[in-house]
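What you see is a predicted model, and the numbers here were worked out from it, not measured in a lab.
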Amino acid sequence: MATLNMAGSFDFNAETVDVQVTKKSAGNYALGYTNGEGKFVVRYVGNSDADLNEDIKKHIGESEKYKKFKYSYAASPKEAFEKVCQNYHDFGGDKNKLRNGKHPVRPDNTDWTCPVCNKLD
């Protein structure tokens, strides 16, 4: 069974992001909503190379489906990239179940590959 291994879920608004995500760090996040059974439904997965708080808040107002968020810090941008790839595949991004639209892109000037499908770009 797929798991995000993230803190939350929390209400998705700037104030709550600021209260919860206090460390300036690389990391990962998931956006979604809570269904009628109280289960967090993942609609988008993302990562940050340097400022998780800032990158999460870029999505505020993008979709009425994003009512909740989860997050986790990463030890490095590479770790965040590898986790977002794993989350993308685990939660059906490759089957158009996420709003991401396409596979996560590795940062410029790296040769990192997806740990799931070995995609380079």
Side-chain angles (χ1 to χ4, degrees):
M1 182 173 172
T3 181
L4 290 166
N5 292 320
M6 296 181 183
S9 70
F10 304 102
D11 290 339
F12 186 44
N13 58 61
E15 296 80 20
T16 304
V17 173
D18 286 342
V19 167
Q20 295 298 324
V21 186
T22 57
K23 182 178 167 185
K24 189 169 184 175
S25 173
N28 297 84
Y29 59 94
L31 308 176
Y33 62 93
T34 304
N35 68 15
E37 299 168 1
K39 181 180 175 187
F40 181 76
V41 178
V42 179
R43 298 296 293 139
Y44 185 93
V45 294
N47 68 300
S48 174
D49 290 340
D51 192 340
L52 182 59
N53 178 300
E54 179 181 300
D55 288 335
I56 292 172
K57 289 192 294 190
K58 288 178 182 177
H59 297 280
I60 292 174
E62 273 186 13
S63 172
E64 69 284 349
K65 292 282 189 184
Y66 305 154
K67 300 292 185 195
K68 300 281 187 178
F69 77 98
K70 292 186 170 202
Y71 76 96
S72 62
Y73 295 114
S76 68
K78 183 176 184 186
E79 180 181 292
F81 171 73
E82 290 174 348
K83 183 171 183 172
V84 75
C85 289
Q86 185 70 55
N87 289 338
Y88 174 83
H89 288 285
D90 284 351
F91 290 91
D94 53 339
K95 297 172 184 70
N96 296 318
K97 292 183 180 179
L98 296 176
R99 297 184 64 111
N100 287 59
K102 62 181 182 173
H103 192 281
V105 177
R106 65 185 169 84
D108 291 339
N109 301 318
T110 69
D111 61 353
W112 305 338
T113 60
C114 174
V116 177
C117 68
N118 293 315
K119 186 175 175 112
L120 184 61
D121 53 24

What I'd like to find out is whether the side chain of [X] reaches to under 4.5 Å of the side chain of [Y], using heavy atoms alone.
X     : Y     : answer
Glu54 : Ser48 : no
Asp11 : Lys67 : no
Lys57 : Asp18 : yes
Tyr71 : Val17 : no

Inter-residue atom distance [X].[atom1] - [Y].[atom2], 0.5 Å rounding:
X     : Y     : atom1 : atom2 : answer
Ile56 : Leu31 : CD1   : CG    : 7.5 Å
Leu98 : His89 : CG    : NE2   : 10.5 Å
Cys85 : Asn47 : SG    : CG    : 8.0 Å

### Summary
The side-chain hydrogen bond (donor to acceptor under 3.5 Å, both in side chains) partners of Asp51 (sequence neighbours excluded) come to none
Considering non-hydrogen atoms only, spot the tightest contact between [X] and [Y] and give its length.
X      : Y      : value
His103 : Cys117 : NE2-SG, 3.6 Å
Leu52  : Gly27  : CD1-C, 3.7 Å
Asn100 : Val45  : ND2-O, 2.6 Å
Lys97  : Arg43  : O-NH1, 2.8 Å
Val21  : Phe69  : CG2-CE1, 4.1 Å
Asp90  : Ala2   : CB-CB, 3.6 Å

For [X], side-chain contact (heavy atoms from CB on, under 4.5 Å) partners two or more places apart:
X     : value
Val19 : none
Ala50 : none
Ser9  : Thr34, Phe40, Lys68, Lys70

### Query
Are the side chain of Tyr88 and the backbone of Gly93 linked by a donor-acceptor contact shorter than 3.5 Å?
yes
### Task
Show your working on side chain to side chain contact (heavy atoms under 4.5 Å, CB included) between Asp55 and Asn53 and close with a plain yes or no.
CA-CA 6 Å; Asp55 288 335; Asn53 178 300; over 6 Å; no
Which pairs would a plain distance check flag for residues 77-84, meaning a side-chain donor or acceptor within less than 3.5 Å of a matching protein atom at least two apart in sequence or in another chain?
unit_1: Glu79; atom_1: OE2; unit_2: Ala75; atom_2: N; d: 3.0
unit_1: Lys83; atom_1: NZ; unit_2: Leu4; atom_2: O; d: 3.0
unit_1: Lys83; atom_1: NZ; unit_2: Asn5; atom_2: O; d: 3.0
unit_1: Lys83; atom_1: NZ; unit_2: Ser72; atom_2: OG; d: 3.0

### Task
Any ring pair (Phe, Tyr, Trp, His ring centres under 6.0 Å) involving residues 41-63? Give me the pairs, sequence neighbours left out, ordered by first then second residue.
Tyr29-His59, Tyr44-His59
#### Entry: Tyr33 six-ring face occupied by Lys65 cation (under 6.0 Å, within 45°)
yes
